There are 2 protein chains.
Amino acid sequence: MKRNTWQREAVREALSRTEGFVSAQALHASLRGTGSEVGLATVYRALADLAQEGEADSLVQEGESLYRACTPGSHHHHLICRSCGTAVEISADPVEAWARQVAAEHGFTRPEHVVDVFGLCPECSASADETASD
Amino acid sequence: MKRNTWQREAVREALSRTEGFVSAQALHASLRGTGSEVGLATVYRALADLAQEGEADSLVQEGESLYRACTPGSHHHHLICRSCGTAVEISADPVEAWARQVAAEHGFTRPEHVVDVFGLCPECSASADETASD
DNA sequence: TGCTACCTGAGAACGGTTCTCATGGTGCGA
DNA sequence: TCGCACCATGAGAACCGTTCTCAGGTAGCA
Ligand SMILES: [Mn+2]
Ligand SMILES: [Mn+2]
Ligand SMILES: [Zn+2]
Ligand SMILES: [Zn+2]
């Protein structure tokens with residue numbers, strides 16, 4: 001059992017207050033900005049633990065691991081804004097079945113899958129349109 | 001237009017001789033092993049160029065970028081062995097449509113998607129079974 | 001309250017990737 | 001074919017996100 005420290009709770013809380021995916025460093029900077037003196041290594045450790053326990057989702061983008069608070073116990077995927085990181089949880093039942101079937105057809109066992117949809121969220125789409133018309 | 005150098009050609013050839021996804025460093029070691037004196041930075045540059053031009057696919061696994069020769073011009077995905085890196089190109093037409101629809105439903109524009117299926121290939125599945133029964 | 005195993009944090013170390021810059025070769029024009 | 005300008009190359013340094021180290025601190029338990 002993990003000990004309860006104010007540092008871990010601070011990370012959990014900061015993550016849950018964040019809309020989209022954030023990096024460990026950004027979360028650490030955000031915590032420091034509010035006066036918290038949590039260490040960077042602790043933020044990394046807390047995020048890794050949260051991800052392992054299923055309380056956070058993670059993905060890698062441009063060499064950086066990004067994290068997001070996650071509704072535990074439910075397998076799901078994400079629709080993520082490339083510009084601001086905002087994410088929507090989506091179910092992908094047809095894709096789950098397709099992935100299992102594809103693996104089986106080729107004799108692959110213990111299938112897992114990575115499915116992420118990226119795009120520009122409505123807000124960022126609007127901004128992009130303005131910029132384009134300048 | 002990129003210049004034609006024996007280094008770039010060597011990288012292209014080494015990549016096409018490789019069954020599955022390989023890292024830049026592994027490909028460099030392989031080239032060095034055959035007597036080629038290509039530099040590591042050049043391998044990185046050549047692989048980045050090939051990926052950009054659509055002649056190579058890439059994915060990130062455990063903090064490392066992996067590359068694979070790709071049949072150009074065709075959008076496809078991969079079924080990849082977690083153990084040995086062997087990959088099978090798969091089409092995912094139902095997933096393409098699903099991804100576009102999900103993005104549209106949430107007002108996201110310019111959708112892209114990341115879809116990879118991982119598993120153990122038949123050979124590695126057999127090896128894993130032997131190990132497990134020891 | 002006291003004990004102890006575990007957590008924390010500053011900085012060092014790590015590993016993959018990119019950058020620097022002197023050197024060398026490609027492609028092109030003459 | 002020859003010469004030149006410009007781009008590619010490669011060794012090593014720099015970079016950057018992440019993990020490790022270890023001394024000091026603290027949660028949890030009796
Ligand atoms: Mn899924
Ligand atoms: Mn696709
Ligand atoms: Zn956005
Ligand atoms: Zn395999």
Side-chain angles (χ1 to χ4, degrees), chain A residues 1-15 18 20-53 55-68 80 82 85 114 116, chain B residues 1-15 18 20-53 55-68 80 82 84-85 114 116 118:
Chain A
M1 196 63 171
K2 292 281 174 210
R3 287 185 184 173
N4 295 323
T5 62
W6 64 264
Q7 289 95 334
R8 273 173 202 273
E9 190 51 35
V11 169
R12 193 196 305 270
E13 211 169 42
L15 191 64
T18 307
F21 281 83
V22 283
S23 68
Q25 309 223 14
L27 203 63
H28 178 243
S30 156
L31 283 162
R32 283 301 180 98
T34 66
S36 172
E37 299 206 346
V38 63
L40 178 58
T42 299
V43 173
Y44 272 104
R45 287 188 282 238
L47 287 174
D49 289 345
L50 289 172
Q52 174 131 16
E53 293 159 15
E55 292 190 53
D57 288 312
S58 69
L59 62 88
V60 178
Q61 200 172 29
E62 292 172 25
E64 233 184 354
S65 284
L66 304 181
Y67 296 86
R68 179 176 196 266
I80 304 142
R82 273 194 298 273
V114 175
D116 291 305
Chain B
M1 196 62 172
K2 290 281 174 212
R3 288 186 183 173
N4 295 324
T5 62
W6 63 263
Q7 289 96 335
R8 273 173 201 271
E9 190 50 35
V11 170
R12 192 196 306 270
E13 210 168 43
L15 191 64
T18 307
F21 280 84
V22 283
S23 68
Q25 309 224 12
L27 203 64
H28 178 243
S30 157
L31 283 163
R32 284 300 181 98
T34 67
S36 172
E37 300 206 347
V38 63
L40 178 58
T42 299
V43 174
Y44 273 103
R45 288 187 280 238
L47 288 174
D49 288 346
L50 289 172
Q52 173 132 15
E53 294 160 14
E55 292 189 55
D57 287 311
S58 69
L59 61 89
V60 178
Q61 201 172 28
E62 292 172 23
E64 232 183 354
S65 285
L66 304 181
Y67 296 86
R68 180 175 196 267
I80 305 143
R82 274 193 298 272
C84 69
V114 175
D116 292 305
F118 294 87

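Just so we're clear, the structure is a prediction, and the values are computed from it rather than from any experiment. Throughout, a chain's letter reflects where its sequence line sits, starting with A, and its residues are numbered from 1. Below, all heavy atoms of this structure are taken into account, side chains as well, without hydrogens, waters or symmetry copies.
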(message) As a test of understanding, state which of A:V38, A:V43, A:L31 forms a side chain to side chain contact (heavy atoms under 4.5 Å, CB included) with A:Q7.
(response) A:V38
(request) State, yes or no, whether a side-chain contact exists between B:N4 and B:K2 at a heavy-atom distance under 4.5 Å. (result) no
(request) Please examine the side chains of B:H28 and B:Y44, heavy atoms only from C-beta on, and report whether any two atoms are closer than 4.5 Å. (result)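 In short, these two side chains do not touch, never coming nearer than 4.5 Å.
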Atom [atom1] of [X] to atom [atom2] of [N]: distance rounded to whole Å?
X     : N      : atom1 : atom2 : value
A:Y44 : C:dA13 : OH    : C1'   : 14 Å
A:K2  : C:dA5  : NZ    : C1'   : 13 Å
B:R32 : D:dG10 : CZ    : C1'   : 9 Å
A:H28 : D:dT18 : NE2   : C1'   : 14 Å
A:W6  : D:dA27 : CH2   : P     : 11 Å
A:E9  : D:dA27 : CD    : C1'   : 14 Å
B:L47 : D:dG10 : CG    : C1'   : 16 Å
A:L40 : C:dA13 : CG    : P     : 17 Å

Would you indicate, yes or no, if [N] has its OP1 or OP2 atom less than 4.0 angstrom from a side-chain nitrogen or oxygen of [X]?
X     : N      : result
B:Q7  : D:dG10 : yes
B:T42 : D:dG10 : yes
A:R8  : C:dT8  : yes

(message) Tell me whether B:E37 is salt-bridged to B:R32, with the criterion being a basic N under 4.0 Å from an acidic carboxylate O.
(response)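 Looking at B:E37 and B:R32, the cut-off is not met.
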(message) Between A:A41 and A:E62, which residue's closest nucleotide on DNA chain D lies nearer the 5′ terminus?
(response)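 First, find each residue's nearest nucleotide; the 5'-ward one identifies A:E62.
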Base, sugar-phosphate alone, or nothing: which one does [X] contact when heavy atoms must sit under 4.0 Å apart?
X     : answer
A:Q25 : base
B:R45 : base
B:S65 : sugar-phosphate

Look up atom [atom1] in [X] and atom [atom2] in [Y], then write down how far apart they are to the nearest 0.5 Å.
X     : Y      : atom1 : atom2 : result
A:L59 : A:Y67  : CG    : OH    : 10.0 Å
A:L15 : A:L50  : CG    : CG    : 6.5 Å
A:I80 : A:D116 : CD1   : CG    : 4.5 Å

(message) Using the side-chain heavy atoms of B:N4, tell me which of these nucleotides is nearest: D:dG10, C:dG27, C:dT17.
(response) C:dG27
Pairs under 3.5 Å (N/O, protein and nucleotides 5-7 of chain D):
unit_1: D:dC6; atom_1: O2; unit_2: B:R3; atom_2: NH2; d: 2.9
unit_1: D:dC7; atom_1: O4'; unit_2: B:R3; atom_2: NH2; d: 2.9
unit_1: D:dC7; atom_1: O2; unit_2: B:R3; atom_2: NH1; d: 3.1

